[in-house]
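Chain naming here is simple, since letters A, B, ... match the order of the sequence lines and numbering starts at 1 in each.
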Number of protein chains: 2
Amino acid sequence: MAVRGPEKGSARLTARGAATRRRIVATAADLMFRQGVAATPLDQVVDACGISKSQLYHYFPDKDALVTEVIAMREHLMVSAQKPQLEQVRSMRDLERWRDSLLTGLRERGLPYKCPIGSLANELSSRCDDARQSLAGIFGAWQGLIADGLARMREAGELDPGADPEELAVAVIAALQGGYLLAETMQDEQPFVVALDMAFDHVKAHVKTPVADLTQSDN
Amino acid sequence: MAVRGPEKGSARLTARGAATRRRIVATAADLMFRQGVAATPLDQVVDACGISKSQLYHYFPDKDALVTEVIAMREHLMVSAQKPQLEQVRSMRDLERWRDSLLTGLRERGLPYKCPIGSLANELSSRCDDARQSLAGIFGAWQGLIADGLARMREAGELDPGADPEELAVAVIAALQGGYLLAETMQDEQPFVVALDMAFDHVKAHVKTPVADLTQSDN
DNA sequence: TCGGGACTGGACGATTTGGTCCAGTCTGTG
DNA sequence: CACAGACTGGACCAAATCGTCCAGTCCCGA
């Protein structure tokens, strides 16, 4: 499970070859998301992808390398899905729009109620330190995106100067992850909603009271 | 991964036999906690336990049965660890004592920063519906213990009558789980602390304001 | 047209793992 | 003692899986 640099053979790659390569990673990512990494045999990837086994090994030296790419793709997908919205965040209203999109996303995808990153982290962090570090990096990037939005809110005077964007972002992600896990286990979206609401109440508790605020602010 | 009833052979069991059986489950639980269920071969359980393979199969028909028992043991451990404290909860102060014990527990155990139940849920809920349901039951039991405490707080007038103990309990557990996952992935207890603090702020937000609060309410 | 990467398809080896089987020993108790 | 259950120890099977290898075809651009 070593995290390698750019692939050896990636230098000379036809457009067609690159497309196939991406297809393999995408297929593997999907299967591994639903079944887990260990529970996804390469033969299944091969079948689902409609390629031959030798082709898979033509692009990837071993399963670990494939997993590494899957993780990288997950980071890319997360960033390209979250960044556009989070970058725009300058007010609580913006942040709530983001929350709403998380919710509708969960509902549209339906089961399984899992976070692609969280489930990878859970399975791999104990077994492969390279993967764990990559996943930690993804969480860090996510945290950064959220924290930046919160920081902008603070600059805009929406957030209390004493509020720590990084810490709030960690709390939000933790709530998200916990919500995903409970929702998946209970097969019910309610825990996810409850967790998200908690996180947003927590953020709101650091909102500079514009007018008389009903929700009393604890510390 | 079928969840069976009481074992077939459990009828005639010497004290010695029962002890060995428990030892097997405990050993398996520990290994599976640290490495994951799939990543724990039975041979390793056998070695770590100092028994012979035939003995393992003398007590358990297959690996699934062993996993089922491991889950049951996890429930038992959770309840016997949490119930005594949570049963006593009648005030915010009591609840905070419980939180403190969670924290010191995490610190004493050290790495891995995982929840034995959460990690099982994450790995098994996608792959075995029987296990998933058992784990959901454990989460439900945990939720119940917390919710009961919160309900007593409400009866005691410490909690707002409008507060929903069940919902608050779900939020607390979600924060816990998310905190564990982040802490484990980042190899840092801070996310766990942050998540727990969020959860407790959330509960406190439903505390009936007793008198003038000393903790400054930030404007 | 020629060459190289893309790709097939399946044989093959090695390893791991779950699971079976059994001959025989140990141990505690009625 | 006799017997039942506890236990050893390893041989053994079958399946899954990772990974290798190769002969040969297909496709595309210089």
Side-chain angles (χ1 to χ4, degrees), chain A residues 1-2 4 6-28 31-32 34-70 123-124 127-128 131, chain B residues 1-2 4 6-28 31-32 35-70 123-124 127-128 130-131:
Chain A
M1 195 75 46
R4 289 163 187 79
E7 311 328 298
K8 47 166 191 180
S10 68
R12 43 271 175 89
L13 251 199
T14 311
R16 191 190 175 196
T20 300
R21 195 174 195 283
R22 272 195 303 275
R23 223 175 68 238
I24 296 175
V25 176
T27 306
L31 291 172
M32 289 170 178
R34 292 196 313 234
Q35 312 173 334
V37 173
T40 300
L42 296 183
D43 284 324
Q44 193 181 6
V45 175
V46 160
D47 288 346
C49 209
I51 59 169
S52 67
K53 203 171 183 180
S54 33
Q55 205 54 17
L56 197 165
Y57 278 96
H58 175 64
Y59 291 112
F60 306 95
D62 52 26
K63 189 176 184 179
D64 287 350
L66 179 57
V67 171
T68 298
E69 298 266 319
V70 166
E123 180 175 3
L124 299 178
R127 291 224 317 260
C128 166
Chain B
M1 197 73 48
R4 288 163 187 80
E7 310 328 297
K8 48 168 190 181
S10 69
R12 44 267 176 88
L13 251 198
T14 310
R16 190 189 175 196
T20 300
R21 196 174 193 283
R22 272 195 303 275
R23 223 175 68 237
I24 296 175
V25 176
T27 306
L31 290 172
M32 288 170 178
Q35 313 173 335
V37 173
T40 300
L42 296 183
D43 284 325
Q44 193 182 7
V45 175
V46 161
D47 287 347
C49 210
I51 59 169
S52 67
K53 202 171 182 180
S54 34
Q55 204 55 17
L56 196 164
Y57 278 95
H58 175 64
Y59 290 112
F60 305 95
D62 53 25
K63 189 176 184 179
D64 286 351
L66 179 57
V67 170
T68 298
E69 297 268 319
V70 165
E123 180 175 2
L124 299 177
R127 291 223 317 260
C128 166
D130 291 314

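- Shown here for A:Gln35 and A:Thr40, the closest heavy-atom pair between the two residues is OE1-OG1, 3.1 Å.
- One can place NE2 of B:His58 at 8 Å from P of D:dC7, the figure rounded to the nearest angstrom.
- Rounded to whole Å, atom P of D:dG5 lies 19 Å from atom CD1 of B:Ile51.
- Taking only side-chain nitrogens and oxygens, A:Tyr59 comes nearer than 4.0 Å to OP1 or OP2 of C:dC7.
- Note that OG1 of B:Thr27 and CD1 of B:Ile51 are 8.0 Å apart. Values are rounded to the nearest 0.5 Å.
- Looking at every heavy atom in both residues, A:Arg21 comes nearest to A:Tyr59 through NH2-O, 3.7 Å.
- Following rounding to the nearest Å, A:Gln35 (CD) and D:dA16 (C1') show an atom-to-atom distance of 14 Å.
- By the side chain to side chain donor-acceptor pair (under 3.5 Å) test, A:Gln44 is found to be paired with no residue, residues two or more places apart in sequence or in another chain being considered.
- Between B:Lys63 and B:Leu42, the shortest heavy-atom distance links the atoms CG-CD2, 3.8 Å.
- In this structure, B:Met32 atom CE and C:dT17 atom C1' are separated by 13 Å, rounded to whole Å.
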What protein N or O atoms touch nucleotides 9-14 of chain C N or O atoms at under 3.5 angstrom, if any, and at what distances?
from  : atom 1 : to      : atom 2 : distance (Å)
C:dG9 : N7     : A:Ser54 : OG     : 3.4
C:dG9 : O6     : A:Ser54 : OG     : 2.5

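- Between B:Asp62 atom CG and C:dT17 atom C1' there is a gap of 14 Å when expressed in whole angstrom units.
- The distance between atom OH of A:Tyr57 and atom P of D:dG19, rounded to the nearest whole Å, is 4 Å.
- Of all non-hydrogen atoms in A:Leu66 and A:Met32, the two that sit nearest each other are CD2-CE, 4.5 Å.
- Where A:Arg16 and B:Thr20 each meet DNA chain D at their nearest nucleotide, the meeting point lying more 5' is that of B:Thr20.
- We find that NZ of A:Lys63 is positioned 15 Å from P of D:dT20, with the value rounded to whole Å.
- What separates CZ of A:Phe60 from P of D:dT20 is a distance of 14 Å, to the nearest Å.
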